[in-house]
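Encoded as structure tokens, here's the structure I'll be asking about.
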Protein chains: 2
Amino acid sequence: MATTKQKRLEQKRAAILSAAEQILIRRGKNATMGDIAQALDMDKSSLYYYFKGLPEILNAILDKEYYDFSLNIHDIRRDNKAHVDVLKEMARVILEFYHDNIEILLIILTRIFPLFLEPGNREESTAINNYMDSYHLANDLMLEEIRLALQGGELATEFAPELVLQTLRGAIFGVCAVWRYGKPGRSDIPSIVEQLFRMYV
Amino acid sequence: MATTKQKRLEQKRAAILSAAEQILIRRGKNATMGDIAQALDMDKSSLYYYFKGLPEILNAILDKEYYDFSLNIHDIRRDNKAHVDVLKEMARVILEFYHDNIEILLIILTRIFPLFLEPGNREESTAINNYMDSYHLANDLMLEEIRLALQGGELATEFAPELVLQTLRGAIFGVCAVWRYGKPGRSDIPSIVEQLFRMYV
């Protein structure tokens, strides 16, 4: 009896998660427990019997994905390949993970990178707002130059202008992430820039 | 008289900022108004007469830097260069800006990217913690493979292993930043990976 009950509970939870995923993909972080209950034609208090709230639903949806991702990453290393191929496969698996879950992950990432992911957002700190302003100013100007460089054939890449901008920005941010533990000389910067730009030639 | 008083106020503020910058570079976000007052051998209430608090000090220190940065970015475009060279100079100026101000900027960036910049941090959300765990797991494995690929000559780059990892991670994150507005087919991922890896060959 207990097993049947347990099984029914699991089935119900799976049905809820499936409906919730659709709602979350469509409504993002604005989705409510009410929206999910409505989509399932159940009342909100019944929904709360199965899940304590949206964070628990979000977590249940991603749990399986994280698990698959970890297995994948470990499996890649088990085969005997060149290390550079292992790396490329890892990068592929990471990108596939983001590709498959981007709508759900954005709900999480918006918490971790609020100012980067929601361009209109302002902080109470003037220093943070000024930082974001200078960041966006530089991005606008760079995007213009990227478009012109692509049109004139100065850059040879399949990436669209936005993708050139954001991968470059991301890589620059990666450089800074390392600098926090120790900076090279300022004169090393031009050669770092050259190396980042190899992505686009 | 008023001008002299104004001038003295400015001089005092400049002296405070100079001392504050040293304290902030040394103590980061743990620095207090008390630390700064102590370094200047003045009492805290006098310090508050010149600056309402640490955020105002932080902002005053960065204000000039942001201004120089914006001028620089605009100047680069005024000369008639190939667009790709304009882009490289912009990347250089951005990196120089981070290079010169990383200690102060980290105080800001820690607010914007708390979980990425302070690896030990945990969130109350299980989904966010799981995301960060899978992120760090993948990073550890990739770093090992990067080291082996560099030792074996499979990657040809002047970048240290950490720099390869973080620029790759940043570029991957840049890809996702674009995907939030529209995803390509999943089958496009391998060619994106190849293009990112051009940085390291």
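In what follows, every chain begins at residue 1, and chains take the letters A, B, ... in the order their sequences are listed. Keep in mind that what you see is a predicted model, and the values were worked out from it rather than measured.
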Handout entry: chain B contacts, top residue of Glu144(A), Glu162(A), Glu56(A), Met132(A) (heavy-atom pairs, under 4.5 Å)
Key =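 Heavy-atom pairs under 4.5 Å are most numerous for Glu144(A).
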
Practice task
Using the ring of Tyr135(B) (Phe, Tyr or Trp, six-membered ring only), decide whether Arg169(B) places NZ or CZ under 6.0 Å from its centre and within 45 degrees of its axis.
Solution key: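 Relative to the ring axis of Tyr135(B), which defines the angle, Arg169(B) lies inside both limits.
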
Practice task
Check whether any side-chain N or O of Asn101(A) sits under 3.5 Å from a backbone N or O of Phe97(A) as a donor-acceptor pair, and report yes or no.
Solution key: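 Indeed, once roles are kept as given, a pair shorter than 3.5 Å links the two residues.
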
Handout entry: Proximal component of Tyr181(A), with respect to chain B [non-hydrogen, under 4.5 Å]
Key =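 Contact with chain B is through the side chain of Tyr181(A) alone.
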
Handout entry: Between Asn130(B), Ile172(B), Leu109(B), Thr126(B), the one whose heavy-atom pairs under 4.5 Å with chain A are most numerous
Key =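 Highest number of heavy-atom pairs under 4.5 Å: Asn130(B).
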
Handout entry: Among the listed options Ile102(B), Ile73(B), Ile128(B), the residue most often paired with chain A at heavy-atom distances under 4.5 Å
Key =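 Highest number of pairs under 4.5 Å: Ile128(B).
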
Problem - Which portion of Ile104(A) sits near chain B, non-hydrogen atoms under 4.5 angstrom - result: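 Looking at Ile104(A), nothing touches chain B.
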
Exercise for the section: Heavy-atom pairs under 4.5 Å with chain A are the metric here; pick the option from Glu103(B), Glu89(B), Met142(B) that has the most. Expected result: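 Most heavy-atom pairs within the cutoff with chain A belong to Met142(B).
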
Handout entry: Under 3.5 Å donor-acceptor, Ser18(A) side chain and Ala14(A) backbone
Key =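 Checked: no pair found.
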
Practice task
Heavy atoms only, distances under 4.5 angstrom: which of Phe69(B), Tyr200(B), Phe173(B) has the most pairs with chain A? Name it, please.
Solution key: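 Maximum pair count with chain A is reached by Phe173(B).
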
Handout entry: Heavy-atom pairs under 4.5 Å with chain B, option from Ile61(A), Leu58(A), Leu62(A), Thr157(A) with the top count
Key =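 Most heavy-atom pairs within the cutoff with chain B belong to Thr157(A).
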
Exercise for the section: Go through the atoms of Asp63(A) and report whether side chain, backbone, both or neither lie under 4.5 Å from a heavy atom of chain B. Expected result: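 Answer is side chain: those atoms of Asp63(A) sit under 4.5 Å from chain B.
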
Handout entry: Contact winner vs chain A - Pro55(B), Cys176(B), Ser125(B), heavy-atom pairs under 4.5 Å
Key =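 With the most close heavy-atom pairs to chain A, the winner is Cys176(B).
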
Exercise for the section: For the residue pair His99(A) and Trp179(B), categorise the inter-ring angle as parallel (less than 30°), tilted (30 to 60°) or perpendicular (more than 60°). Expected result: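 His99(A) vs Trp179(B) ring planes: perpendicular.
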
Exercise for the section: Measure distances from Leu87(A) to the heavy atoms of chain B and classify the residue's part below 4.5 Å as side chain, backbone, both or neither. Expected result: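 Both the backbone and the side chain of Leu87(A) come within 4.5 Å of chain B.
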
Exercise for the section: Sort Leu137(A) into side chain, backbone, both or neither according to what part of it lies under 4.5 angstrom from a heavy atom of chain B. Expected result: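 Side chain only.
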
